[in-house]
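Please read the structure below before turning to the comments.
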Amino acid sequence: MQEKWLPVWDEIAPFRSGRPDDERPTKYVLDMFPYPSGDLHMGHAEAYALGDVIARYWVQRGFNVLHPIGWDSFGLPAENAAIKRGVDPAGWTDDNIAQQKASMRRYACSFDWDRVLQTSSPEYYRWNQWLFLRMFEQGLAYRKDSAVNWCPNDQTVLANEQVVQGRCERCDAVVTKKKLTQWYLRITQYADRLLDDMQQLEGNWPDKVLLMQRNWIGRSTGAEVRFEIEGRDEPVTVYTTRPDTLFGATFFVVAADSDLAAELAAGTPAQGEFEAYLEQVKAISEIDRLSTDRPKTGVFLQRHAVNPVNGERIPIYAADYVLADYGTGAIMAVPAHDQRDWDFAKAFGLPIVTVVQPPADWPGDEAYAGDGVAVSSGFLDGLRKADAIARMVEWLEEKGLGTGAVNYRLRDWLISRQRYWGTPIPIIHCPSCGEVPVPDDQLPVALPPAAGLDLKPKGTSPLGGAEDWVNVACPTCGGAATRDTDTMDTFVDSSWYFLRYLDPSKTDGPFDVDAAKRWMPVDQYVGGVTHAILHLLYSRFFTKVLFDMGMVEFTEPFTRLLNQGMVVMNGSAMSKSRGNLVRLSDELAEHGVDAVRLTMVFAGPPEDDIDWADVSPSGAKKFLSRAWRLSGDVTSEPGVDVTAGDTALRRATAKAVDEATKAVESHRFNVAVAKTMELVNAARKAIDSGPGGGDPAVREAAEAVAVMLSLVAPYTAEEMWSRLGHDPSVFLAGWPVADEALLVDESVTCIVQVAGKVRDRLEVPPSISEDELRELALAAPGVVKALEGRGIRTVIVRAPKLVNIVPA
RNA sequence: GCCCCGAUAGCCCAACCGGCAGAGGCAGUGGUCUCAAACACCAUCCAGUGUGGGUUCGAAUCCCACUCGGGGCACCA
C-alpha cells in the first residue's frame, strides 16, 4: 500500500501550506524537531503520530495547516560520533537526516516538505549570528569572567540548566567548576516577564510545565540591607527574604569562593586558615556540595560587621553554604529562624536569638521559619511576619540602610561552548578595539572545514586550531585580530526555529515578519516534557527579545503545549544496555505503519507513558483490517441520499462523530479511536444482521470511519476511500458533521432509585417534565415494591435521566 | 525534606456539571465456519473504583488523613 499511495500523495501534496491563493484560515501545528543522531526511534514514532492527528484534524476541518519539520542538527552527539568514526560531522549529520527524512515519509507524517530546515546549514546559523549581534548591541549578549560549570568528559562548559543533580545532563559526568571568560545572554533581565506572561499559558500548557518554569525562575522578594564592616570603607550589602528577623542576626557569612571572602581574609590572622579552607571547598565535587545533609563548615575571618538595627558587632565567617552567585554572595545569619544558619550556629557555638515568637508547642530544637509575632525587635515588636517585613523595609529605606529587593534563582544563560559542531560566535577580538562584532554583511561566519582540525575535546575550542580562519583583520581598525573560537549552545538554534519555518530560504532576514503576523504564534506545540525548562524557557525569552525589537507582535511563541509521554518497555526506559530496546523499524516491518501509529495513539492519554509490553500492535492491525473490510461491503453508490438510510445506524454514526470530535479537540485521542471502533462494530452489525450493505446509512458510516481513520492510519483510510469509490485524497475529504437532530434520542432510559438503589427503569421522552416524571416514577412497580408502604421523605428529580426517592 | 501528578476488571484504558461503574482494546472461555487449523464472525467471563474517614438523597468524581507509584525542586538566604 505504501508503494501505491506515497507517489499519489506526492502528486496531490495535500499538506502544502504555502500556496499564495489559499484562503483557508490558518493553524500552526509544530512538532519538536529531532536530533539526527540515527534513524527514528519509538519515541519519535509516538510524538509524530500524535502531532499528526492534530495537524490532520485541522486540515479535515478546513484549515490551512502549517506543519513543518526540520533538524536540530548541531551539537555534541554528532560531534562525538564523528570523532569516534573519524568522519566529518557534516557528512555524518546529512546522512542521518536523509535516513530520518525517508523514514518520516514512509511513516506518512503530514509534514510540509517545502519548508524543511536544518540548523547546521550556514543559511540557518547565519541568523543565529545575526540575532546574537542584535543582542550584543542591546547589551543582552555579554562576556564575563566567572566560575562556570565544566564537564570534564565533554570538555566544555555547561549552562546551569544542563547540570542535573551535579552531573552533566548529557554524559552524566560529575560537573566541576572552572574560572573562564564566557559569553552570556542576559535572560535575567526578562525574568519578571517570563514569570508574569505565564498567565497567558495557564490552562493551555500542562500545569506541571508552568510550575517547573516558575520554580526555575524562582522569584523571591525581600530586602537588601547594608552592613558596615569594621576596617572596610564600603559597607557590604546582603539580600534577605526575612528583613523582619534582622534583630536576630547574630553572625555574618560570605561565600567562601567569592572575591569578597578573599578580600576580607587578606591580612588577617585567619588568612592562612581561610586559604586552606578555600582549597578544600574547591576540591569538593558539586555532588557532595549539593547534598543537604552535609555538616556545615566555615572559617571565622577574625573580622566583624555591624548589625544596622542595633549596632551589635557580629562575627564574619566564610562558608560554602552561601552561594557566591546568588544575591550578593553574603548573608546575614539568623539562626533562630533559618535552618541552615541554625545548623551553622550549632556547629560553631554561635548565639541564637529568637525574634519571632514560635507557637507554644514549638519544641525548639530547630529553626522556626513560620509566622509569628516579632519579639526582642525594637520597633517591630508585636507585628506579625508580613507587617514586620513591610515595616522593616520602610525603616531601612528611611535610614538609607537598605531597600526592598527582588531576587531570582534564574541565572544568565551561558552560551559559549568549546566545541566544533555549532554556530561560531561572530565576534572578533582586537588588541586595540576589544570585542568587535562581525559586520552583518560578512555573515555567516562559516565553520572552517573539520578536515585537519583536532576535534577531540581538550578544553579549548577546536576552532582555535584553524589558523587561517582565526586570524583576521579587525573590521574596525584593520589591525591583526582573532576570531572568537567558541561556538554557541545549540539551544540558541532551537530558540527561534519555529519562525524560520515561515520562510526557510529567506536570505534578507532571519524570518518573514509578515508571515509571522499570519501564522504565529504556534497554535499547538507537541513534544517531550524533557524540554519543559530549557528549550521552552529559552524560546520564550527569544520571543520577548524579538517583540522588543518590533519583529513580532506576540510575547509568547506557543499557545498550546502537549507533552507526550515516553515509550518504555517492561516498565523502564528503553536502552541497549538494559536489553529492552524495541526497534521502530522492526515494529514497522512486522505490523505496518498504520498499526504502529494506531497503537501509539490508542495506547492511552497522550501524556502517559506507553509500555510497549502492554499494548497490542497486532490488535491494532486486526481492527484496521476490520475497518477496511467495511469499505468492501458497501454496495450503494457514492453520493447516495443518506437520509434514506437506517435510522439506528445513522444515530450511531452521528454519535460516534460527535464524540470523536470532542475527544480529538480535547486531545483524548485514545477515546476518539475507541469511538471509531464502536462505529465500525455498529456498521458491521448493520451489514451482517441489519439492513445490509446496500443501506445508505452503511455508506455514511463507512465514509465517516475512513475520514476519522485518516488522522491515524493514512494508508488504510486512503485505501478505504478509494474502495468506496472516491478519488484521493481522503485527507481532504472534510471532517464529518454530526446531524444534530440525530443526536437527540427518541427516548431516554430513566433510572428510578429508592434510597440510592436502582429499583426500576422508565422509557421516557427526553423532554418530559419533572412533575410528570415524578408521578411515573412513584407509580413504577419496582418502586412500589421497594417502598412497601413506607412513607416518602423527598423525591429528587433530575429529568429525564434520574429520579431518587428517599423513604421516610 | 518540600511541592506536583496519579491509583477503576488479569492487563491497557473509558465514565460530561456528583446521578445505572464500562465506551474501546488485549488476554481468557464457549461457539459458528473448516477435513483440521489460522483468519473471520458471534457470544461470554471478569472489578464496585489503593486504604480509612467525612460531605451529600446519591461519591470513581468533592473534602481530610494515610499507603503505594511517577515526576519536579533541593544549602537560592
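Note on naming: letters A, B, ... go to the chains in the order of the sequence lines (proteins, then strands), and numbering restarts at 1 for each one.
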Decide, for rG48(B), between syn and anti: a glycosidic angle within 90° of 0 counts as syn, anything else as anti. syn
Cut-off 3.5 Å, side chains only: do W612(A) and E587(A) have a donor facing an acceptor? yes
Identify whether any heavy atom of T241(A) sits under 4.0 Å from a base atom; if not, whether one sits that close to sugar-phosphate; answer base, sugar-phosphate or nothing. sugar-phosphate
Are a donor atom and an acceptor atom from the side chains of D412(A) and T188(A) found within less than 3.5 Å of each other? yes
With the threshold set at 4.0 Å, does a side-chain nitrogen-carboxylate oxygen contact exist between R684(A) and D688(A)? yes
Determine the Euclidean distance between corresponding C1' atoms of rA59(B) and rC2(B); express it in Å to zero decimal places. 31 Å
Can you tell me which nucleotide in rA74(B), rC41(B), rC4(B) comes closest to the side chain of L211(A)? rC4(B)
When you measure from the side chain of S616(A), which nucleotide among rA23(B), rC26(B), rC57(B) comes out closest? rC26(B)
Is there a donor N/O on one and an acceptor N/O on the other, under 3.5 Å, for the side chain of R761(A) and the base of rC20(B)? yes
Nearest whole Å is fine: how far is rU32(B) P from D688(A) CG? 18 Å
R411(A) (side chain) donor-acceptor with D325(A) (main chain) under 3.5 angstrom: yes
Counting side-chain heavy atoms from C-beta on, which of rG25(B), rA77(B), rA40(B) comes nearest to K622(A)? rA40(B)
Considering only the P atoms, how many Å lie between rC12(B) and rG70(B), rounded to the nearest integer? 14 Å
Need the pair for rG6(B). Rule: Watson-Crick or G-U wobble, both distances under 3.5 Å, any strand; none if unpaired. rC68(B)
Between R793(A) and A255(A), the residue closer to the 5' end of RNA chain B by nearest nucleotide is R793(A)
Can you check the distance between rG52(B) and rU67(B), where both ends of the measurement are the C1' atom (answer in whole Å)? 10 Å
Donor-acceptor pair, R651(A) side chain versus V744(A) backbone, under 3.5 Å? yes
Using the C1' atom in both, what is the distance from rA15(B) to rA23(B), to the nearest Å? 8 Å
Closest to the L802(A) side chain, choosing from rC73(B), rG19(B), rG24(B): rG19(B)
Expressed as a whole number of Å, how far does the C1' atom of rG28(B) sit from that of rG71(B)? 35 Å
Phosphate OP1/OP2 of rG25(B) contacted by N681(A) side-chain N/O (<4.0 Å): yes
Looking only at side-chain atoms of Y321(A), point me to the closest of rG25(B), rC57(B), rC75(B). rC75(B)
For Y368(A), all residues meeting ring-ring contact (aromatic ring centres under 6.0 Å, His included), sequence neighbours excluded: W362(A)
Using a 4.0 Å heavy-atom cut-off, write out nucleotides 10-15 of chain B from 5' to 3' as B (base contacted by protein), S (sugar-phosphate only) or - (no contact). -SSSSS
Let's see if you can work this out: which of rA77(B), rC20(B), rC41(B) has an atom nearest to the side-chain heavy atoms of R629(A)? rC41(B)
N/O donor-acceptor pair, side chain K296(A) with base rC75(B), under 3.5 angstrom: yes
Find the distance K801(A):NZ to rG18(B):P and express it as a whole number of Å. 13 Å
Choose from rC16(B), rA23(B), rA77(B) the nucleotide whose nearest atom is closest to any side-chain atom of E678(A). rA23(B)
Please tabulate, one pair per line, each protein N/O and nucleotide N/O from nucleotides 58-60 of chain B that are separated by under 3.5 Å, including the distance.
none

When rounded to whole Å, the CG to P distance for the pair L762(A) and rC20(B) reads 15 Å
Check: P606(A) main-chain N/O paired with H667(A) side-chain donor or acceptor under 3.5 Å: no
Do any side-chain nitrogens or oxygens of R214(A) fall under 4.0 Å of OP1 or OP2 in rG72(B)? no
Can a donor-acceptor pair be found, under 3.5 Å and without considering hydrogens, that links the side chain of K296(A) to the backbone of F348(A)? no
Tell me: CZ of R684(A) to C1' of rG24(B), nearest whole Å? 18 Å
Base paired to rA14(B) (Watson-Crick or G-U; both N/O distances under 3.5 angstrom): none
Is a donor on one side and an acceptor on the other found under 3.5 Å between the side chain of D320(A) and the backbone of A256(A)? no
Check whether any side-chain N or O of S220(A) sits under 4.0 Å from OP1 or OP2 of rA77(B), and answer yes or no. yes
Less than 3.5 Å apart, any donor N or O on the side chain of R626(A) or N681(A) sitting next to an acceptor on the other? yes
Counting only Watson-Crick or G-U wobble pairs whose two distances fall under 3.5 Å, which nucleotide matches rU44(B)? rG28(B)
When you measure from the side chain of R242(A) to the backbone of A369(A), do you find a donor-acceptor pair of N or O atoms at a distance under 3.5 Å? yes
Which of these, Y184(A), Y190(A), W216(A), Y538(A), sits in a ring pair (Phe, Tyr, Trp, His ring centres under 6.0 Å) with W413(A)? Y538(A)
Work out how far the C1' atom of rU29(B) is from that of rG72(B), and round it to whole angstrom. 46 Å
What distance, rounded to whole Å, do you find between the two C1' atoms, one in rG54(B) and one in rC68(B)? 23 Å
Contact nearer the 5' end of RNA chain B, comparing S618(A) with R242(A): S618(A)
What does rA36(B) pair with, Watson-Crick or G-U, if both distances are under 3.5 Å? none
Does rC64(B) count as syn, meaning its glycosidic angle lies within 90° of 0, or as anti? anti
Could you work out the separation of rU8(B) and rC13(B) based on their C1' atoms and round it to a whole Å? 9 Å
Using only side-chain N and O atoms of R626(A), determine if any of them is under 4.0 Å from OP1 or OP2 of rC41(B). yes
How long is the line joining CG of D320(A) and C1' of rC75(B), in whole Å? 9 Å
